[in-house]
Amino acid sequence: MPVRAKICGLSTPETIDAAVRHGAAAVGLMFYPPSPRHLAFDQARGLGERVPARVAKVGVFVDPEDALLDAAIAAAALDAVQLHKVAPARAAAIKARTGLEIWATVAVRTRADLGEATCFVGAADRLLYDAKTPEGALPGGMGVRFDWRLMQGHAHPLPWALSGGLTADTLAEAVATTGAAYVDVSSGVETAPGVKDVDKIAAFLKAAQLI
């Protein structure tokens with residue numbers, strides 16, 4: 001059964017078009033200035049206009065203030081909000097305030113980290129399991145992978161997606177190990193931080209469809 005995929009951190013018309021053309025379920029637009037994938041609102045508006053309704057537009061934020069959320073949602077007509085480094089209560093408040101689908105990130109290094117997932121019941125619509133990055137590093141998009149075997153036997157309290165260190169070459173192993181039906185890739189389809197490659201996007205989405 002094909003795996004649904006989100007291509008995250010897109011910043012050019014060409015890569016947006018490639019993601020849409022090759023069957024992405026969602027595209028991720030980054031609103032976090034320290035990231036090389038950060039978008040200005042005018043950029044995000046132009047990119048968002050290229051995305052058909054069948055593909056979800058997910059805004060990616062790190063502990064955002066309401067003003068940033070409001071401006072980004074308005075600019076890109078977002079369908080969902082992905083939150084990093086946000087407590088469940090804040091996620092619930094953003095969900096109530098925006099009325100959008102909420103993706104809450106659970107940063108994983110050990111099996112104990114998976115326990116955080118239950119805290120987001122009622123506060124989020126989907127969990128995103130991603131590798132815990134080193135202190136001071138960006139919270140995602142670093143190509144860091146956690147031990148996928150930690151997911152085996154884990155009772156997921158919400159719909160979920162897998163992220164962290166995924167590429168076209170590792171995707172089949174990741175899905176076989178974790179049972180993921182939805183995956184999220186950023187650095188795994190880049191030639192340099194923030195520089196997406198249309199051929200890598202095509203290869204990743206083809207791999208997802210062949211599983």
Side-chain angles (χ1 to χ4, degrees), residues 1-11 15 18-19 22-30 32 34-38 58 60-62 80 82-86 103-117 120 124 126-154 156 158-211:
M1 180 178 176
V3 171
R4 299 172 73 197
K6 170 172 161 278
I7 309 296
C8 197
L10 295 168
S11 59
T15 54
H22 293 289
V27 295
L29 305 176
M30 173 69 72
Y32 184 55
S35 171
R37 307 166 185 95
H38 171 68
V58 183
V60 183
F61 302 87
V62 180
Q82 177 179 319
L83 299 170
H84 292 257
K85 294 185 178 294
V86 169
W103 294 32
T105 304
V106 176
V108 181
R109 184 176 296 137
T110 69
R111 188 167 178 83
D113 293 326
L114 297 174
E116 183 184 350
F120 285 100
R126 182 177 297 277
L127 301 169
L128 179 66
Y129 296 101
D130 199 356
K132 185 176 288 186
T133 56
E135 192 67 31
L138 293 173
M142 300 288 289
V144 179
R145 157 182 171 174
F146 66 90
D147 184 351
W148 295 323
R149 293 172 298 178
L150 298 174
M151 303 287 283
Q152 294 175 347
H154 175 61
H156 300 282
L158 290 168
W160 60 282
L162 179 69
S163 189
L166 299 175
T167 68
D169 293 332
T170 64
L171 183 57
E173 177 193 353
V175 170
T177 304
T178 66
Y182 207 137
V183 295
D184 187 353
V185 66
S186 183
S187 62
V189 291
E190 292 181 340
T191 55
V195 182
K196 294 290 187 292
D197 182 271
V198 294
D199 292 330
K200 287 178 178 284
I201 290 171
F204 187 89
L205 290 171
K206 181 179 180 181
Q209 291 158 9
L210 291 176
I211 292 174

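- Not counting sequence neighbours, Asp199 has no partner by the salt bridge (Lys or Arg N to Asp or Glu O under 4.0 Å) test.
- With hydrogens and angles ignored, the 3.5 Å screen pairs a side-chain donor or acceptor of Lys196 with a backbone N or O of Gly9.
- Separation of atoms CZ (Arg37) and OG (Ser187) is listed at 6.0 Å; rounding is to 0.5 Å.
- For Thr170, the side chain to side chain donor-acceptor pair (under 3.5 Å) test picks out Thr167, with sequence neighbours left out.
- When each of Thr178, Leu171, Ile211 is tested with Val183 by the rule side-chain contact (heavy atoms from CB on, under 4.5 Å), just one qualifies, namely Leu171.
- Rounding to the nearest 0.5 Å gives a distance of 6.5 Å between NZ of Lys206 and CG of Leu210.
- Ring centroids of His156 and Tyr129 are separated by less than 6.0 Å, placing the two rings close together.
- Here the side chain of Lys6 pairs no donor or acceptor atom with the backbone of Ser186 at under 3.5 angstrom.
- For the pair Ala80 and Trp103, the tightest heavy-atom approach, listed with the atom from each and the gap, is CB-NE1, 4.0 Å.
- Between Val106 and Asp130, the closest side-chain pair of non-hydrogen atoms is not below 4.5 Å.
- Across every non-hydrogen atom of Ala180 and Val175, the tightest pair is O-CG1, 3.4 Å.
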Going through the distances and angles, do Asp113 and Phe146 end up as a side-chain contact (heavy atoms from CB on, under 4.5 Å)?
-> CA-CA 11 Å; Asp113 293 326; Phe146 66 90; over 6 Å; no
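- Counting only heavy atoms from C-beta outward, the side chains of Val185 and Ile7 approach each other to under 4.5 Å.
- Note that CE of Met30 is 10.5 Å distant from OG of Ser11, once rounded to the nearest 0.5 Å.
- Atom CG of Leu10 and atom CD of Glu190 lie 9.0 Å apart (nearest 0.5 Å).
- Remark: Ala25 engages Arg4, Tyr182 in a side chain to side chain contact (heavy atoms under 4.5 Å, CB included) (not counting sequence neighbours).
- Atoms CG and CG, on Leu127 and Leu158 in that order, are 4.5 Å from each other to the nearest 0.5 Å.
- The shortest non-hydrogen separation linking Asp184 to Ser163 is O-OG, 3.2 Å.
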CA sep, side-chain torsions, deciding dist, call: Leu29, Val60, side-chain contact (heavy atoms from CB on, under 4.5 Å) | CA-CA 6 Å; Leu29 305 176; Val60 183; over 6 Å; no
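- Scanning for salt bridge (Lys or Arg N to Asp or Glu O under 4.0 Å) contacts around Glu116 gives an empty result, with sequence neighbours left out.
- At least one donor-acceptor pair closer than 3.5 Å links the side chain of Arg111 to the backbone N or O of Leu150.
- The distance from atom CH2 of Trp160 to atom CE of Met151, rounded to the nearest 0.5 Å, is 4.0 Å.
- The ring pair (Phe, Tyr, Trp, His ring centres under 6.0 Å) check on Phe120 picks up nothing, with sequence neighbours excluded.
- Annotation: ring pair (Phe, Tyr, Trp, His ring centres under 6.0 Å) contacts involving residues 188-211, sequence neighbours excluded, are absent.
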